[in-house]
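First comes the structure, then the notes that go with it.
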Amino acid sequence: MKDEAFSYVSPLGAVSYRWDGKVCRAVHLLAAAASAPRGHDPVRAWLDAYFAGGSAPLPRLAEPRSPFQSAMRAALLAIPFGETRSYGEIAASLGTAPRAMGQALGANPLPLLIPCHRVVAAHGPGGFSCGPEWKRRLLAFESGSTGL
DNA sequence: GCATTTGTGGCTT
DNA sequence: AAGCCACAAATGC
């Protein structure tokens, strides 16, 4: 299968994702702008809807590497738009340790699609795989889109 | 109140 | 199998 790398230029930055025509295999948040987006795929539709300030049904994502990531994905998707959960909350929800959550989230191949940016530390901003600025940007965006 | 240490469970190599 | 980690809660100061 040919997983093509698409680039989506969002108001918050450039997002690169891999779409093989059926499922979204990976998502990567870039630091700088990239080439103009070109394909018509559910991923792009979702991104468009998301950055429009709303939520949309996720495209078909690649299956998680482990069952745990599946649960983690569900737990993350359960977080409402514009809200944030702590690692401890998610960890407790999954019945695991907070540290495992950090690793699992960090190993998450599909950031943004899976709202891992909505997961913050209990007493701090936490971290982000694709750069803390993205997390901050996304949270600020969601915060402004909802209550404003 | 802030700094350090330990407990913890999954992920990467 | 061993090391690493995007945390949290409990001490120590």
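Chain naming here is simple, since letters A, B, ... match the order of the sequence lines and numbering starts at 1 in each. Every heavy atom of this structure was used, including side-chain atoms; hydrogens, water molecules and symmetry mates were not. In this text the structure is predicted, and so the values were computed from the model without any measurement.
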**Prompt:** With sequence neighbours left out, what residues match A:R73 under side-chain contact (heavy atoms from CB on, under 4.5 Å)?
**Reply:**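 Expected list: A:L61, A:P64, A:L77, A:L110, A:I114.
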**Message:** Tell me every residue that passes side-chain contact (heavy atoms from CB on, under 4.5 Å) with A:T96, counting only those two or more places apart in sequence or in another chain.
**Reply:** A:F68, A:A91, A:L94, A:A100, A:M101
**Item:** Reported OG-to-OH distance for the pair A:S16 and A:Y8, which is rounded to 0.5 angstrom
**Value:** 13.5 Å
**Request:** Please list every stem that involves DNA chain C, where a stem is a run of 3 or more consecutive Watson-Crick or G-U wobble pairs with both pairing distances under 3.5 Å.
**Result:**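 Stem list for DNA chain C: B:1-7 with C:7-13, B:9-13 with C:1-5.
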**Asked** If only atom types and distance count, is the side chain of A:W134 paired as donor or acceptor with the main-chain N or O of A:A31 below 3.5 Å?
**Response**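 Flag not set: sc A:W134 to bb A:A31 has no pair under 3.5 Å.
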**Message:** Using only atom types and a distance under 3.5 Å, with no angle test, would you say the side chain of A:R118 pairs donor to acceptor with the backbone of A:I79?
**Reply:** yes
**Request:** Round to a whole Å and report the spacing from CZ of A:R65 to P of B:dG9.
**Result:**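 In whole Å, B:dG9 P and A:R65 CZ are 22 Å from each other.
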**Message:** OP1 or OP2 of B:dG10 versus the side-chain N and O atoms of A:S66: is any pair under 4.0 Å?
**Reply:**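 Checking B:dG10 against A:S66, no side-chain N or O comes under 4.0 Å of OP1 or OP2.
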Is there a side-chain contact between [X] and [Y] (heavy atoms, below 4.5 Å)?
X	Y	value
A:L47	A:Y17	yes
A:R44	A:D41	yes
A:P115	A:L76	yes
A:P59	A:L113	yes
A:V120	A:K135	yes
A:F141	A:P11	no

Distances under 3.5 Å between nitrogen or oxygen atoms of protein and nucleotides 6-10 of chain C:
residue : atom : partner : partner atom : Å
C:dA6   : N7   : A:S129  : OG           : 3.3
C:dA6   : N6   : A:L105  : O            : 2.6
C:dA6   : N6   : A:G106  : N            : 3.4
C:dA6   : N6   : A:S129  : OG           : 2.4
C:dA6   : N3   : A:Y87   : OH           : 2.4
C:dA6   : N3   : A:G127  : O            : 3.1
C:dC7   : N3   : A:R99   : NE           : 3.3
C:dC7   : N4   : A:R99   : NE           : 2.4
C:dC7   : N4   : A:R99   : NH1          : 3.4
C:dC7   : N4   : A:R99   : NH2          : 2.2
C:dA8   : OP1  : A:A122  : N            : 2.7
C:dA8   : OP2  : A:A122  : N            : 2.7

At a cut-off of 3.5 Å, list every protein nitrogen or oxygen paired with a nitrogen or oxygen from nucleotides 3-5 of chain B, distance to 0.1 Å.
none

**Message:** I need the single residue from A:C116, A:S129, A:P111 that forms a side chain to side chain contact (heavy atoms under 4.5 Å, CB included) with A:L105. Which is it?
**Reply:** A:C116
**Asked** Do the ring planes of A:F81 and A:Y50 sit parallel (below 30°), tilted (30 to 60°) or perpendicular (above 60°)?
**Response**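 The rings of A:F81 and A:Y50 stand perpendicular, inter-plane angle above 60°.
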**Asked** Hey, can you pull the residues of residues 70-78 of chain A with a non-hydrogen atom under 4.0 angstrom from DNA chain C?
**Response**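 The answer is none.
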